[in-house]
Amino acid sequence: MKVVVTGGAGFIGSHFIKYLLKRYPDYKVLNIDKLTYAGNLENLKEVEKNPNYKFLKADICDNVIEDAVDGCDVIINFAAESHVDRSIQEPETFLKTDVMGTFNLLEISRKKGVQRYIQISTDEVYGSADKDYAFSEESPLNPSSPYSASKASADLLVLSYYKTYKTPVIIIRSTNNYGPNQYPEKFIPLFITNAIEDKPLPLYGDGKNVRDWLFVLDNCRAIDTILHKGEIGIIYNVAGGQEKENIFIARKILEYLDKPESLIKFVPDRPGHDRRYSISCERIKDLGWKPEVSFEEGLRITVEWYKNNEMWWKKIKSGEFLEYYRRQYKL
Ligand code: NAD
Ligand code: TDX
């Protein structure tokens with residue numbers, strides 16, 4: 001199978017490429033990535049010499065990628081601007097990449113007759129869930145941030161291509177991923193790396209917002225399952241089934257790193273901050289998938305990885321990110 005992965009130099013995409021090449025040694029993967037601040041080819045060091053792996057630095061909004069995808073069977077679109085706080089400060093790139101980039105890939109899929117177009121979406125498109133309620137794939141879209149609104153818009157476009165042109169699409173909406181190689185602006189890697197450096201952990205609001213955490217390799221297994229067994233025209237939710245308040249996670253990270261709780265600093269809430277994310281995922285469970293990594297184990301693996309790979313994140317935090325971080329949290 002010839003698979004085009006877009007956004008494969010980012011967090012989830014890079015794990016997925018490594019997973020796919022290991023699991024299916026005869027598959028060929030073309031990674032198309034613009035290498036924005038979030039793209040990092042170091043994430044792919046172990047496969048860069050693999051003859052079945054190729055990399056193309058390009059923007060998914062650009063028509064030049066049309067020739068590159070020639071002859072591919074599947075496109076899996078991970079490429080996106082993915083950080084909610086950045087979308088609040090600078091929404092435009094989110095519309096360009098997440099909406100127009102998806103549009104460009106759909107057009108290419110339609111013209112080239114790809115066998116499958118898989119859109120990597122998010123549970124955030126459903127918006128905040130009331131206590132004890134979980135959204136299903138049929139729930140209405142109710143996004144809160146420019147990020148989730150752009151992802152929801154892309155989902156609607158993807159579904160329209162299925163209805164109008166019979167483009168063979170599938171949408172995957174997963175809960176919050178965590179694990180090694182996640183850019184340290186996201187909650188878990190930001191808090192781990194700050195704690196290692198004895199810097200404050202900026203906890204938004206009262207710290208009681210809830211996210212459902214999915215270890216990144218469990219998500220790779222879910223995408224694999226859907227790639228091979230998923231039904232065309234269908235949306236699949238993928239839930240970690242491990243809902244935690246942010247403050248619980250902050251305390252666990254400090255406990256694992258043997259750092260004091262006084263590092264937690266409550267800061268003003270994120271505008272439009274969704275209180276809780278929760279989704280049901282019976283559809284993918286019916287295909288035989290379930291998460292295998294408990295939150296405790298996944299968090300330990302993640303903390304250990306950041307402890308042992310300081311070069312990876314220190315390079316990032318000492319550069320452009322530091323400026324952004326100072327502006328954002330005024331710490
Ligand atoms: P990430 O920010 O780590 O990586 C995004 C990648 O896309 C980067 O390599 C970047 O260079 C690339 N990219 C950005 N704009 C591009 C463009 N115009 N053209 C080509 N490449 C471009 O993101 P991630 O956390 O790995 O998320 C991957 C996907 O999964 C995204 O679509 C995101 O919305 C979705 N998702 C993420 C999570 C999560 O918790 N991280 C949860 C659910 C869904
Ligand atoms: O400094 C912080 N302090 C804090 O309290 C940051 C960065 C986050 N938080 C809170 C906000 C959220 O309640 O932690 C929670 C998780 O925040 P993020 O890591 O920014 O993730 P979230 O907003 O939930 O969105 C993520 O999950 C769904 C990803 O960034 C998206 O790409 C994905 O679609």
Side-chain angles (χ1 to χ4, degrees), residues 5-17 31-41 43-44 56-62 65 76-88 93-94 96-98 100-102 104-105 119-125 128 143-145 147-148 150-151 154-155 172-179 181-191 194 200-214 216 219 223 237-240 244-247 249-250 264-270 272-277 279 325 328-329 331:
V5 169
T6 63
F11 166 50
I12 307 174
S14 62
H15 279 285
F16 184 72
I17 288 175
N31 174 16
I32 300 180
D33 197 297
K34 184 182 176 182
L35 297 182
T36 67
Y37 77 95
N40 187 347
L41 291 177
N43 296 345
L44 293 154
L56 173 68
K57 183 178 183 309
D59 189 327
I60 57 163
C61 300
D62 204 321
I65 65 173
I76 310 180
N77 180 27
F78 291 87
E81 288 294 334
S82 69
H83 190 44
V84 173
D85 293 321
R86 285 184 192 254
S87 84
I88 294 166
T93 47
F94 287 73
K96 282 187 180 146
T97 289
D98 301 8
M100 292 309 288
T102 300
N104 192 37
L105 291 172
Q119 175 74 359
I120 303 298
S121 183
T122 167
D123 64 349
E124 295 206 27
V125 296
S128 201
S144 304
S145 69
Y147 163 69
S148 50
S150 70
K151 294 294 287 186
D155 282 9
I172 304 179
R173 294 177 179 154
S174 87
T175 58
N176 285 55
N177 282 221
Y178 70 105
N181 304 93
Q182 187 168 28
Y183 196 86
E185 65 186 347
K186 303 279 165 63
F187 174 60
I188 287 183
L190 176 68
F191 276 34
N194 277 15
L201 313 189
L203 196 56
Y204 295 161
D206 62 3
K208 292 191 173 158
N209 297 63
V210 172
R211 297 292 182 266
D212 177 7
W213 294 94
L214 175 67
V216 64
N219 193 21
I223 298 165
N237 284 349
V238 179
K244 309 282 176 210
E245 286 185 349
N246 293 337
I247 190 153
I249 298 175
I264 295 177
K265 180 178 157 74
F266 287 92
V267 297
D269 211 353
R270 168 189 281 173
H273 192 180
D274 285 327
R275 190 66 174 167
R276 173 171 172 260
Y277 292 143
I279 55 176
Y325 177 67
Q328 174 78 11
Y329 307 120
L331 289 175

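Both ligands and their constituent atoms are indexed starting at 1 by order of listing.
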Could you name the option among [options] that has the heavy atom nearest to [atom]?
{"atom": "atom 21 (O) of ligand 2", "options": "N176, I120, L201, D274", "value": "N176"}
{"atom": "atom 14 (O) of ligand 2", "options": "F191, F187, Y183, F11", "value": "F187"}
{"atom": "atom 6 (C) of ligand 2", "options": "Y147, Y204, Y277", "value": "Y204"}

Test of understanding: given a 4.0 Å heavy-atom threshold, classify the contact between [X] and ligand 2 as side chain, backbone, both, or neither.
{"X": "R270", "answer": "side chain"}
{"X": "L190", "answer": "side chain"}
{"X": "L203", "answer": "both"}
{"X": "E124", "answer": "side chain"}

Would you mind checking which non-hydrogen protein atom is closest to [atom], with the distance to 0.1 Å?
{"atom": "atom 32 (O) of ligand 1", "result": "K151 NZ, 2.7 Å"}
{"atom": "atom 21 (N) of ligand 1", "result": "K34 N, 3.1 Å"}
{"atom": "atom 23 (O) of ligand 1", "result": "S82 OG, 3.3 Å"}
{"atom": "atom 11 (O) of ligand 1", "result": "D33 OD1, 2.6 Å"}
{"atom": "atom 35 (C) of ligand 1", "result": "I120 CG2, 3.9 Å"}
{"atom": "atom 31 (C) of ligand 1", "result": "F78 O, 3.2 Å"}

| task | Please name all residues satisfying ring pair (Phe, Tyr, Trp, His ring centres under 6.0 Å) with F16, sequence neighbours left out, ordered by chain then number. | result | F78
| note | With sequence neighbours left out, the residues meeting ring pair (Phe, Tyr, Trp, His ring centres under 6.0 Å) with F191 are F187
| remark: Note: A58, heavy atoms under 4.0 Å from ligand 1, region reported as backbone
| field | Residue part near ligand 1, for H83, under 4.0 Å between non-hydrogen atoms | value | neither
| S82 N/O to ligand 2 N/O under 3.5 Å | yes
| For T122 and ligand 2, does the shortest N/O to N/O distance drop below 3.5 Å? | yes
| Hey, is K151 one of the residues with a heavy atom under 4.0 angstrom from ligand 2? | no
| message | Determine whether K151 and D123 satisfy the following criterion, salt bridge (charged side-chain N to carboxylate O under 4.0 Å, His left out), listing intermediate values before the conclusion. | response | CA-CA 10 Å; K151 294 294 287 186; D123 64 349; over 6 Å; no
| request: Report the C-alpha separation of D59 and K96 in whole Å, then their side-chain angles, then the decisive distance to 0.1 Å, and conclude whether the salt bridge (charged side-chain N to carboxylate O under 4.0 Å, His left out) test is met. | output: CA-CA 10 Å; D59 189 327; K96 282 187 180 146; over 6 Å; no
| query | Would you say the side chains of E124 and Y277 form a donor-acceptor pair under 3.5 Å? | reply | yes
| said: Rounded at 0.5 Å granularity, tell me how far CD1 in I12 sits from CD in Q182. | reply: 7.5 Å
| message | Can a donor-acceptor pair be found, under 3.5 Å and without considering hydrogens, that links the side chain of N176 to the backbone of R211? | response | no
| request: Number the atoms of ligand 2 from 1 as they appear, then name those within less than 4.0 Å of a heavy atom of H83, with their elements. | output: 20 (O)
